[in-house]
Amino acid sequence: MKGLGDLVAKGAKALGITECGGCSRRRATLNRWIPFGAHGLVAPAQHDSPRIRPISGGAAAQWYVRESCTNNGNGTSSSCAASPGGTGAWKLFSQIVWGSIVAGDTLNLVTGETYTPPLTIGSSGIAGSPITITVSGGGTATIDVAGVAGLVGINFNGQSYVTVDGVIGNRVAGQSTYGLRIINNASNAGTNGYCVYENNGGANNKTMHVECSGSTTVALDDNGGGMYLAMKYAEIAYNWIHSTTAPTRWLGTGITSWSSTGSTAFNDNLVHHNWVQDMQNDGIRCGANCSLYNNHVQNIAGSGHSDSLLIQSGGYSAIYNNVVRDSGDQNIYLDNLYDSICAHIRIYNNVIDSDPGFGVILDPEGGAGAGVAASTCTTGSAAAWDDVVIVNNTFAKTSAAQIRKGRDKAVTNVVIKNNIFGRHSNPGSYTNLDLRNTIDLTLLDANAWDYDVFDESAVAALSNYGGVYRTLAQLQALSPAREFHGKLGTPAYVDSAGRDYHLAASDTAAKNAGVNLTSSYSFLATDKDGLPRPSSGVWDVGAYQAPVAVAARGRITQVQRRSAT
């Protein structure tokens, strides 16, 4: 045997323990630290001694960092070391020995501790065996940026297969106590700060259950602020990004998942169950190959281009099951900066409850040059959007158009069905659907614009299309007819004053007014709550499928969602 590593491996084998992916590296390291010579143990090399790993029978190792400790330990225990280098937690982020942390290991911050940033990650995991950064003790650890402009709370630093997970906290589900808090983030006019950051080639990283707050009040680049994660195969979930001084807005952007894989998949990058509020610039921004779902975005306004949910210059992306409230400017914004065609966007099951603000804007802006290959946008001579599906959304309140075509460039192969278009508060300036800007957007086929419910009067102009403002009856008189099965009516909600836009049992406007899209769009099989829509027969219009009464023994016994039998 060369050393202690071989001895441990031999014992593990005798017990029937299969050698893990990182065990061979651990065995070699232990052999170096405690080698066996002809006459027994040989003293370990002194330069290796600070990198002692916990011996765990081949299992992943647990490491600890604890700033309140007096001494810097060897990282192997959550307690403080009695002397420098002894058994105990590392003291500072800068004293973490990243060379000791391998795939499958966990770095623990400790409940009750407050840390000085940055936490700059120095090791990568591997597929199926990430490095995890979490909080031990079941409570909360805090990284305090202390208002210093330009600091980063956690920097992935180009590493891959790393999971940052505070474990507890999900503001969307009403859980406002988070396991990991990054507070007092700040930027200034020339220097951006971030709670969590990656822009150096990292991939396959996760950021979950993190509370991120700041209060910058001077102008900054709209990329700055919360979480800026330019990486492929990202998951950003269950986070809470907000202004420290709400309702005063933080001059920044909540989440940027600025990446694309170049594939035809909609779910390579996942941004979900995040709560973003009180931001001056954008709420959540994605590029290509992104699914943005089950997020709550609120009070995003003030910059003149404040976009609550934004797909920018990318294709194969979906926005669904989100709630947007009380935000100005664009609530859902498709912004193609490239002189190329970006395509394949799905917008469904969203609830837009935001006056002031537009609903969905389709903007082929252009001017930024040809699209890069990874954006999935095809190079062309002018910006365009293609294959955009807007279905089963509830536009409860806006102050402007609920769907608007921006610019004088092409928007093609659009589908608009099964939406509730509430009465917006500025009818003198906008119609519900402004589908023309110099040129009309074009529809997928003759039946692509239909089955919507408009909470408007019979004499109200619902759309600017073909250069003419038309009522519902006038749209239905076109050839081919538009909104042939569309209808006017005021949906009855469970509690509109309380902002609950589930359809009430008494509703007669939206219930049974929709078309069944099962065969066209399998992703619509469930409503915003995740409950099934019928596989056959009519659907309800809007984001929610209404409950139905179930009769038994001649009386009503319960209320259930409609579902296929």
Side-chain angles (χ1 to χ4, degrees), residues 3-34 48 50-66 73-79 87-90 93 95-111 119-138 141 154-168 179-180 196 198 200-210 229 231-238 270:
L4 181 60
D6 287 347
L7 180 62
V8 171
K10 182 178 179 181
K13 183 177 181 180
L15 294 172
I17 300 173
T18 302
E19 188 173 62
C20 65
C23 292
S24 59
R25 179 176 173 181
R26 185 178 292 115
R27 180 173 60 189
T29 302
L30 286 172
N31 285 341
R32 291 200 315 273
W33 293 341
I34 308 178
D48 279 338
R51 297 180 57 182
I52 294 174
R53 289 180 56 79
I55 299 173
S56 52
Q62 299 287 326
W63 301 94
Y64 300 87
V65 58
R66 188 170 182 177
N74 61 7
T76 61
S77 171
S78 62
S79 61
T87 299
W90 290 307
F93 288 156
Q95 293 171 317
I96 295 169
V97 182
W98 287 102
S100 297
I101 302 176
V102 300
D105 286 0
T106 298
L107 173 65
N108 293 278
L109 283 63
V110 177
T111 290
L119 173 53
T120 303
I121 298 168
S123 295
S124 291
I126 58 175
S129 190
I131 289 172
T132 300
I133 298 172
T134 188
V135 178
S136 68
I154 299 175
N155 188 347
F156 280 103
N157 191 36
Q159 307 300 327
S160 298
Y161 294 103
V162 178
T163 296
V164 175
D165 188 357
V167 181
I168 61 173
L180 180 57
V196 186
E198 168 54 32
N200 196 30
N204 295 283
N205 296 322
K206 299 182 179 183
T207 305
M208 301 187 294
H209 303 287
V210 176
L229 298 166
M231 58 185 176
K232 298 178 181 179
Y233 305 106
E235 183 172 8
I236 307 164
Y238 310 106
L270 304 175

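Computed from a predicted model, the values in this text were never measured in an experiment.
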Report the residues that fulfil side-chain hydrogen bond (donor to acceptor under 3.5 Å, both in side chains) with [X], sequence neighbours left out, ordered by chain and then residue number.
{"X": "Asn155", "answer": "none"}
{"X": "Thr106", "answer": "none"}
{"X": "Ser124", "answer": "Gln159"}

Measure the shortest side-chain to side-chain distance between Phe93 and Val65 over non-hydrogen atoms and say whether it is less than 4.5 angstrom. yes

Working to the nearest 0.5 angstrom, can you tell me the gap between [X] [atom1] and [Y] [atom2]?
{"X": "Asn200", "Y": "Met231", "atom1": "CG", "atom2": "CE", "value": "12.5 Å"}
{"X": "Asn157", "Y": "Ile154", "atom1": "CG", "atom2": "CD1", "value": "12.5 Å"}
{"X": "Leu270", "Y": "Met208", "atom1": "CG", "atom2": "CE", "value": "11.0 Å"}
{"X": "Ser160", "Y": "Glu198", "atom1": "OG", "atom2": "CD", "value": "7.5 Å"}
{"X": "Ile96", "Y": "Leu119", "atom1": "CD1", "atom2": "CG", "value": "5.5 Å"}

Indicate the atoms forming the closest heavy-atom contact of [X] with [Y], along with that distance.
{"X": "Ala127", "Y": "Tyr161", "answer": "CA-CE2, 3.5 Å"}
{"X": "Ile168", "Y": "His209", "answer": "O-CB, 3.5 Å"}
{"X": "Thr76", "Y": "Thr87", "answer": "OG1-CG2, 3.6 Å"}
{"X": "Asn74", "Y": "Trp63", "answer": "O-CZ3, 3.6 Å"}
{"X": "Gly99", "Y": "Ser123", "answer": "N-OG, 4.5 Å"}

Sole candidate of Asn205, Leu180, Leu107 that passes side-chain contact (heavy atoms from CB on, under 4.5 Å) when paired with Val164: Leu180

For Phe156, enumerate each residue passing the ring-ring contact (aromatic ring centres under 6.0 Å, His included) test, keeping only those at least two apart in sequence or located in another chain.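 Per chain and number, Phe156 pairs via ring-ring contact (aromatic ring centres under 6.0 Å, His included) with no residue.
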
Sequence-distant partners of Tyr233, ring-ring contact (aromatic ring centres under 6.0 Å, His included), two or more places apart: none

In residues 129-136, what donor-acceptor pairs under 3.5 Å come from side-chain atoms, sequence neighbours left out?
residue: Ser129; atom: OG; partner: Gly104; partner atom: N; Å: 3.2
residue: Thr134; atom: OG1; partner: Asp165; partner atom: O; Å: 2.8
residue: Ser136; atom: OG; partner: Leu109; partner atom: O; Å: 3.4

